[in-house]
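Everything below concerns the one structure shown next.
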Number of protein chains: 2
Amino acid sequence: MAKSWATSGLDLHLPLTGTRVRAAVEQALRDAVLSGRLAPGTPLPSSRSLAADLGIARNTVADAYGQLVAEGWLVARQGSGTHVADRVTPAPAPKPGSTVEPRPTYDLRPGQPDASSFPRTSWLTATRSALATAPHHALEYSDPRGLPELRQALTAYLARARGVRTTPERLLVCSGTTQALSLLATVLTGRIAVEAHGLAHHWQIFAARGSRTEPLPLDTDGAAVELLAESTASGVLLTPAHQFPTGVPLAPARRATVVDWARARRRWVIEDDYDGEFRYDRQPVGAVQGLDPDVVLYCGTASKSLAPGVRLGWMTLPPRLVEPLVEAKRLADHQTSSLDQLALAQLLVSGAFDRHVRRMRQHYRRRRDALVAALRSTAPTVQVEGISAGQQVLVRLPGDATEARATEEQLMAAARARGLAVAGLTSYTHPDATQAGPALVVGYARPTDRVFHAAARELCRLLG
Amino acid sequence: MAKSWATSGLDLHLPLTGTRVRAAVEQALRDAVLSGRLAPGTPLPSSRSLAADLGIARNTVADAYGQLVAEGWLVARQGSGTHVADRVTPAPAPKPGSTVEPRPTYDLRPGQPDASSFPRTSWLTATRSALATAPHHALEYSDPRGLPELRQALTAYLARARGVRTTPERLLVCSGTTQALSLLATVLTGRIAVEAHGLAHHWQIFAARGSRTEPLPLDTDGAAVELLAESTASGVLLTPAHQFPTGVPLAPARRATVVDWARARRRWVIEDDYDGEFRYDRQPVGAVQGLDPDVVLYCGTASKSLAPGVRLGWMTLPPRLVEPLVEAKRLADHQTSSLDQLALAQLLVSGAFDRHVRRMRQHYRRRRDALVAALRSTAPTVQVEGISAGQQVLVRLPGDATEARATEEQLMAAARARGLAVAGLTSYTHPDATQAGPALVVGYARPTDRVFHAAARELCRLLG
């Protein structure tokens with residue numbers, strides 16, 4: 001059904017479809033206003049005359065006008081009838097869309113695990129089980145620290161797998177390490193010491209809160225934490241088990257030094273254990289947090305063990321920080337998704353999480369072995385480092401330190417021409433730090449199995 | 001198997017269990033250190049003598065020592081053997097636990113829907129379908145605004161159900177309205193106008209960022225937004241459809257006034273449409289955002305329609321705010337849980353969400369009818385307001401404004417004695433605002449069906 005009206009100088013085509021006439025009149029008027037066919041200020045016909053034109057009841061039109069006045073599309077002026085309101089703007093034009101880069105054929109950039117290995121079946125089973133058993137109040141607002149089920153399961157897991165000493169009361173479940181740091185940034189202010197190489201967005205999180213990050217140089221023993229003695233930093237952010245992205249572990253003496261510093265000066269150590277599950281050649285080194293839970297905040301994540309899209313992380317809270325961090329979480333998003341929390345708790349309790357991690361450890365280890373062997377045999381001029389753990393290696397390139405960025409960019413451009421994406425170390429170098437020489441950070445976790453071996457071959461050809 | 005050693009003046013019981021002897025030695029030593037049986041500084045026996053004592057290979061002990069040195073539990077000093085490190089603290093004593101209030105028998109506090117009605121089966125079906133069809137990259141790091149699948153589905157839903165005008169590019173998926181406001185608080189600084197009655201934690205979110213909230217008085221037309229003309233506020237936070245918790249909708253003229261103010265002064269209107277799905281007696285009033293998407297930020301949530309634990313919300317972004325808010329989200333937690341996003345997208349696309357909302361609308365409407373009828377017949381001295389929508393009503397009590405808090409607290413104490421939990425309006429009154437008189441805010445959504453009618457009877461007895 002389509003009707004038109006020709007009143008008040010208007011010749012308006014008003015399509016009336018559907019059975020709910022009043023709703024259709026309203027929608028047709030809204031559309032007419034939005035499209036500009038009814039300009040701001042335009043007087044509308046009286047409800048009586050529009051109703052007659054359309055062959056519908058007067059009340060239907062009057063009700064529709066009333067609704068649109070209530071919504072602000074129309075205005076009813078005493079004595080001068082109903083008009084189109086002045087303030088209705090045209091609909092927003094669709095943005096051209098942020099230019100999404102095409103996915104490279106061979107993606108060896110670090111920071112993402114193999115998403116094709118996410119245990120979809122186990123996750124679904126865990127969700128089913130959680131939905132079948134969770135009490136109703138688990139779906140209500142709950143403790144900002146997270147559901148007791150998950151904090152209990154994580155406390156046991158972290159003690160067993162990483163030597164972390166905590167209790168469910170001192171554990172905060174959050175949305176990845178990004179949120180852990182953004183909550184910490186509300187509490188730790190002033191200067192924060194960081195490693196000379198790391199993730200730019202971690203530095204940006206502190207910068208967004210007005211904190212300044214100061215890089216500590218890295219050597220073969222990890223970050224030079226002895227320099228903290230001279231620093232006014234309120235805390236230090238470290239990746240002790242497997243420095244990101246250089247792969248060097250923090251030496252035992254330095255583990256001791258940084259804990260002593262934090263304890264003596266009442267400062268904080270933030271331990272980012274981003275890939276603690278993936279050690280290949282020897283027993284994993286336990287978390288620094290075990291040395292002193294009162295000064296070390298341990299941050300873990302499911303982003304490397306399951307997938308980044310899961311957005312689950314956890315943080316241990318020293319007693320003095322429990323209250324401010326719980327409050328920061330409450331004001332940030334109240335709590336992390338209960339459904340995801342319940343599913344992860346179920347995965348941990350059922351043993352499915354451990355089985356998945358063991359399987360992935362073998363999987364990544366085989367990839368690492370293949371990649372390192374291929375590079376060593378075909379590209380003898382490069383040096384492969386940081387191989388004992390994790391999901392990426394550092395490939396040091398021949399060349400001068402002063403030309404590190406240019407060397408890396410040249411190589412990355414040549415890589416792109418082969419459909420290969422790799423990252424230069426420069427993009428992981430703190431703006432105030434110096435870089436020893438050009439290097440690539442090569443992630444071997446991300447491609448699917450099908451693609452990985454071809455990607456490694458392309459990389460060897462590039463560097464050989 | 002349990003062995004002991006008696007070297008260096010120590011008589012230590014070292015239980016060795018399990019097959020992996022080295023791991024067992026390590027764990028036993030860690031436990032001994034943690035429990036205090038091996039005090040800081042204590043020298044350890046040589047690996048040779050401990051191995052002999054325990055009847056195991058010397059290398060096993062040497063490796064265990066090496067591992068514990070690497071982890072910082074022990075220190076190896078040149079020429080003086082291995083000692084227990086100084087810095088190991090005892091395990092944290094379990095906290096007595098935040099005192100959790102016992103759940104009241106009859107919970108009529110506002111702000112939570114009936115969690116027992118969460119559509120568990122539909123959610124599981126949606127999760128199964130999402131896991132069966134989502135591409136792998138949906139589980140990787142993705143656009144901080146959210147997955148395209150969900151933004152597309154929400155854009156259509158919001159246009160249809162709430163008259164919201166947006167595009168997927170201008171929609172940000174976040175973790176509830178709490179996160180929407182906390183992201184906004186990074187962008188909107190200075191003074192923020194709010195309604196005289198509302199949620200304290202919304203005011204706290206702005207306060208935590210150093211902003212000051214200024215209350216606008218409420219009358220029968222909603223918030224007195226015409227007073228904004230005199231204000232230096234950079235934005236105003238409103239609940240136009242159904243003021244929380246008084247229930248009055250923002251009058252049409254005021255909808256126009258506030259949009260005009262924002263447009264003329266380049267300020268922002270934040271529209272908190274917390275319960276937009278639940279209108280009972282007339283067609284829902286469309287969102288203010290439809291009047292001008294360039295100055296109104298619309299915030300919606302699944303907390304009332306599904307459950308708060310789902311932690312999904314959404315916000316429309318005016319063009320000028322896209323970039324800063326996407327950046328704030330990226331630094332807050334990068335993105336909201338992809339698994340939850342995929343499930344909600346599936347619920348929306350399949351129609352299951354609409355069916356659930358329709359069912360719940362009938363459900364809450366019946367409860368509202370029963371509650372209002374019961375109060376009107378048994379408690380004629382109270383006045384029930386804000387009944388046309390949502391999940392709570394305002395019950396105005398006889399009494400003096402100056403004694404509002406005392407009157408409410410007295411009544412709440414009497415309620416507690418009956419196992420009944422209700423909230424006083426005072427706890428929803430801005431510290432700088434005045435309250436017209438004592439009132440209770442009664443939520444009728446929260447109890448399970450089984451409990452609701454008994455709860456309503458108790459309330460009537462209390463007020464009758």
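The sequence lines fix the lettering, A, B, ..., with proteins before strands; numbering per chain opens at 1. These figures come from a predicted structure and were not determined experimentally.
- Ranked by heavy-atom pairs shorter than 4.5 Å toward chain A, the options B:His202, B:Arg446, B:Glu327 are led by B:Arg446.
- Comparing B:Gln179, B:Gln341, B:Glu71 by heavy-atom pairs within less than 4.5 Å of chain A, the highest count is held by B:Glu71.
- Summarising the local packing, CZ of A:Arg160 is surrounded by more than 12 heavy atoms from other residues, nucleotides or ligands at distances under 6.0 Å.
- Scanning all heavy atoms of the two residues, the minimum distance from B:Glu140 to A:Ala115 falls at CG-CB, 3.6 Å.
- Annotation: side chain of B:Leu339 is in contact with side chain of A:Phe118 (closest heavy-atom distance under 4.5 Å).
- The most heavy-atom pairs under 4.5 Å with chain B, out of A:Gln335, A:His136, A:Gln204, come from A:His136.
- A:Ser116 touches chain B through backbone and side chain together, each having a heavy atom under 4.5 Å away.
- Residue B:Gly111 comes nearest to A:Tyr141 through the heavy atom pair O-CE1, 3.5 Å, listed as atom of the first residue, atom of the second, then distance.
- For the set B:Pro308, B:Ser338, B:Ser142, the entry with the most heavy-atom pairs within less than 4.5 Å of chain A is B:Pro308.
- The two atoms that bring A:Pro252 and B:Ala70 nearest to each other are CG-CA, 3.4 Å, heavy atoms only.
- Contact annotation for B:Gln112: only side-chain heavy atoms (C-beta onward) come within less than 4.5 Å of a heavy atom of chain A.
- With respect to chain A, the highest number of heavy-atom pairs below 4.5 Å among B:Ser175, B:Ala130, B:Pro240, B:Ala180 belongs to B:Ser175.
- Looking at B:Ala134, the atoms closer than 4.5 Å to chain A (heavy atoms on both sides) sit in the backbone and in the side chain alike.
- Taking chain B as the reference chain and counting heavy-atom pairs below 4.5 Å, the highest number among A:Leu147, A:Val69, A:Leu342 is found for A:Val69.
- When heavy atoms are compared at a cutoff of 4.5 Å, A:Pro135 approaches chain B solely by way of its backbone atoms N, CA, C and O.
- Only the backbone of B:Thr336 comes within contact range of chain A, judged by heavy atoms closer than 4.5 Å.
- The closest side-chain heavy-atom distance from A:Arg209 to B:Arg209 is below 4.5 Å.
- Scanning all heavy atoms of the two residues, the minimum distance from A:Leu331 to B:His201 falls at CD2-O, 3.9 Å.
- You'll find the side chain of A:Asp340 stays beyond 4.5 Å of the side chain of B:Arg311, heavy atoms only.
- Taking chain A as the reference chain and counting heavy-atom pairs below 4.5 Å, the highest number among B:Gly286, B:Ala251, B:Ser303 is found for B:Gly286.
- For chain A, the nearby parts of B:Thr127 are the backbone and the side chain; heavy atoms of each come within less than 4.5 Å.
- Annotation for B:Ala332 and A:Ser182: closest pair O-OG, 3.2 Å, computed over non-hydrogen atoms.
- Of the possible polar contacts, none joining the A:Arg128 side chain to the B:Leu124 backbone as a donor-acceptor pair under 3.5 Å is found.
- Both the backbone and the side chain of B:Arg330 come within contact range of chain A, each with at least one heavy atom under 4.5 Å from a heavy atom of that chain.
- Residues B:Trp73 and A:Gly290 approach most closely at CH2-O, 3.9 Å, considering heavy atoms.
- Interface check for chain B: of the options A:His137, A:Arg254, A:His334, the most heavy-atom pairs under 4.5 Å are formed by A:His137.
- In this structure, chain B has a heavy atom under 4.5 Å from the side chain of A:Glu26, while its backbone stays farther away.
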